[in-house]
Novice: 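The structure's right below; bear with me while I get my questions together.
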Protein chains: 2
Amino acid sequence: MPVSNTHARIETRDRLLEAALQAFGNRDYDGVSTREIVEKAEANISAISYHFGGKKGLYLATVAYLADRLHAGMAEQLEQIRQHAEVASPHQCAESLCRFLLHFLENMLLGEVGKHAPGIIFREQSQPTDAFEILYDKLLAPMHGTLARLVARYRGLQATDQAVIIMVHALIGQTMIFRIGRTTFLRRMGTPAFDAANLEAVKRQLRHYYMAILNTTPDSINTDIPHDA
Amino acid sequence: MPVSNTHARIETRDRLLEAALQAFGNRDYDGVSTREIVEKAEANISAISYHFGGKKGLYLATVAYLADRLHAGMAEQLEQIRQHAEVASPHQCAESLCRFLLHFLENMLLGEVGKHAPGIIFREQSQPTDAFEILYDKLLAPMHGTLARLVARYRGLQATDQAVIIMVHALIGQTMIFRIGRTTFLRRMGTPAFDAANLEAVKRQLRHYYMAILNTTPDSINTDIPHDA
DNA sequence: TCGATTGAGTCAAACGTTTGTTTTAATTCA
DNA sequence: TGAATTAAAACAAACGTTTGACTCAATCGA
């Protein structure tokens, strides 16, 4: 392909990132070979060293690339929620939270990012590398923070209250388990794959659970934790 | 060590399994080398081929070993719960479910198996190998099944009802997220590691959530799923 | 305007190392 | 003695990385 060099450079870098995202999303760092990446990217083996300094550099760049893509698709939404939360009623905040989580779930189950993101994110949780900092700052912290504001407003607590943080974590957990534990869930349901009907059933139940948890009797935990076990 | 051969054989096999469990629990299959395993097990390289036929055989044996250990620690408990559920009141079933989940959480956060089990289990979920069958049959299915009975009894539904399965999955999810997403949670809490106080706070909140979810308005989903989206 | 130079990017080939596995010899115990 | 284990060495294959030649547009001095 007789393309200009400036164009080719950008394209090769991006092709490498895209191929690496697909590879690292499905397999572990050590399970992915550089040759496999460059083959999928239709690039030369030395392009990795040239553009990223090596395999580790490519991995870090790939995580940053993923975080950026996820953040880009979420930043506007999160910012809207944040602003809306300041003037919205508690009930509207709860509704906003439900919608976000269910939308997020659908993305992770059927969306394009859901194919690669969960693998990388959850692998970085169990054995954090330098890439975890990127994920946390760009993705996890903003998401948790925004949801915490919604919960805090609904419950009349501070967003930094430990009870709020725990609740947000639990809410995310019971959502993401349908992606993380997808294989087990599908077995239990006797379905080979997620379809629209399954997803809708899960979403309907989850919405009930969200509201049930949000409405548990308040139980603030400030900086101090009660002494009684 | 001048030990008898029959003894040494068994011990070598077991030392390999133990070393492999620690290795595979913390790192991916490809991230673990056979030399690293035999070094930790103080065994010879050829012992892997001799006892397990190769690295893959060792991995499968390790997963079975893990599943057995987890199952052994849980089988009695699950059987008791199952029998108790037949005669117990719905309220007692709910209490039984809470206790099991919280006990399981504590095991995963502070217990010995919690160091290695989650890594293997959740890796097998995202990229199931032959080892997933072992895990599912020996561990995941019995656990889900028993919890489903508890939920079913509490809610007056069938244990095979899809609504029950979804609920059990969600309950497990909001529990295990504190192990899976431990790194993120600890960051959010501003704590370097899980201690007794943190764990107690989480358990107290989770118990509320469990009951709140269990008490959501019944919404049976039998084989058919409602047509209205 | 033009030939020479530059520098980023790509390429095939080869680098040394590590991988899982196998082979061969020595050792152990019944 | 003979079967069972271990130990050490060697194996081919795959790994991440490096090398040096090459392309080609952009730049520069005359």
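What you see is a predicted model, and the numbers here were worked out from it, not measured in a lab. In what follows, chains carry the letters A, B, and so on, assigned in the order in which the sequence lines appear, proteins first and then strands, with residues in each chain numbered from 1.
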Novice: Between atom NZ in B/K55 and atom P in D/dA13, what is the gap in whole Å?
Specialist: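 B/K55 atom NZ is separated from D/dA13 atom P by 19 Å.
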Novice: Using a 4.0 Å cut-off on heavy atoms, which residues in residues 24-33 of chain A reach DNA chain C? List them by number, or say none.
Specialist: none
Novice: Not counting sequence neighbours, which residues clear side-chain hydrogen bond (donor to acceptor under 3.5 Å, both in side chains) with B/R35? List them please.
Specialist: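 Scan of B/R35 (side-chain hydrogen bond (donor to acceptor under 3.5 Å, both in side chains), adjacent residues dropped) gives none.
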Novice: Considering just the side-chain nitrogens and oxygens of B/S49, establish if one lies under 4.0 Å of OP1 or OP2 belonging to C/dT21.
Specialist: no
Novice: Can you list the residues that meet the ring-ring contact (aromatic ring centres under 6.0 Å, His included) rule with B/F185, with sequence neighbours excluded?
Specialist: A/H169, B/F178, B/F194
Novice: Would you mind telling me which residue lines up with the more 5' stretch of DNA chain C, A/A47 or B/G54, judged by nearest nucleotide?
Specialist: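 Counting from the 5' end, the first nearest nucleotide belongs to A/A47.
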Novice: Grab the CG-C1' distance between A/D14 and C/dT10 for me, whole Å please.
Specialist: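 In whole Å, C/dT10 C1' and A/D14 CG are 16 Å from each other.
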Novice: Rounded to whole Å, how long is the line connecting atom OH of B/Y50 with atom P of D/dA8?
Specialist: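 Whole-Å distance recorded here is 18 Å.
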Novice: Give the rounded distance in Å between these two atoms: CD of A/E39 and P of C/dA12.
Specialist: 12 Å
Novice: Nearest whole Å is fine: how far is D/dG16 P from A/I48 CD1?
Specialist: 8 Å
Novice: For residues 99-110 of chain A, pull every pair meeting side chain to side chain donor-acceptor pair (under 3.5 Å), keeping only residues two or more places apart or in separate chains.
Specialist: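 Of all non-adjacent pairs touching residues 99-110 of chain A, those that pass side chain to side chain donor-acceptor pair (under 3.5 Å) are A/E106-A/K203.
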Novice: Can you tabulate the close N/O pairs, meaning under 3.5 Å, that link protein atoms to atoms of nucleotides 13-15 of chain C?
Specialist:
none

Novice: Taking atom types as modelled, find out whether A/T175 and A/Y210 have a side-chain donor-acceptor pair closer than 3.5 angstrom.
Specialist: yes
Novice: Check ring-ring contact (aromatic ring centres under 6.0 Å, His included) between A/F122 and all other residues, then give those that pass, not counting sequence neighbours.
Specialist: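 With neighbours one apart ignored, the set is empty.
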Novice: Mind checking whether B/H144 and A/R187 have side chains closer than 4.5 Å, heavy atoms only?
Specialist: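 Heavy-atom side-chain distance check fails, nothing below 4.5 Å.
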Novice: What residues, two or more places apart in sequence or in another chain, satisfy salt bridge (charged side-chain N to carboxylate O under 4.0 Å, His left out) together with A/R182?
Specialist: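 With neighbours one apart ignored, the set is empty.
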Novice: Which donor-acceptor pairs under 3.5 Å do the side chains of residues 54-62 of chain A make with protein atoms, sequence neighbours left out?
Specialist:
unit_1	atom_1	unit_2	atom_2	d
A/K55	NZ	A/Y29	O	2.9
A/K55	NZ	A/V32	O	2.7
A/Y59	OH	A/E124	OE2	2.5
A/T62	OG1	A/L58	O	2.6

Novice: How many whole angstroms separate atom CZ of A/R13 from atom P of C/dT10?
Specialist: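 About 11 Å, once rounded to whole Å.
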Novice: Give a yes/no answer on whether the side chain of B/H51 brings an N or O atom under 4.0 Å of OP1 or OP2 in D/dA4.
Specialist: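 Negative; the distance criterion is not met.
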Novice: Using the test side-chain hydrogen bond (donor to acceptor under 3.5 Å, both in side chains), find all partners of B/R69 that sit at least two apart in sequence or belong to another chain.
Specialist: B/E18, B/Y65
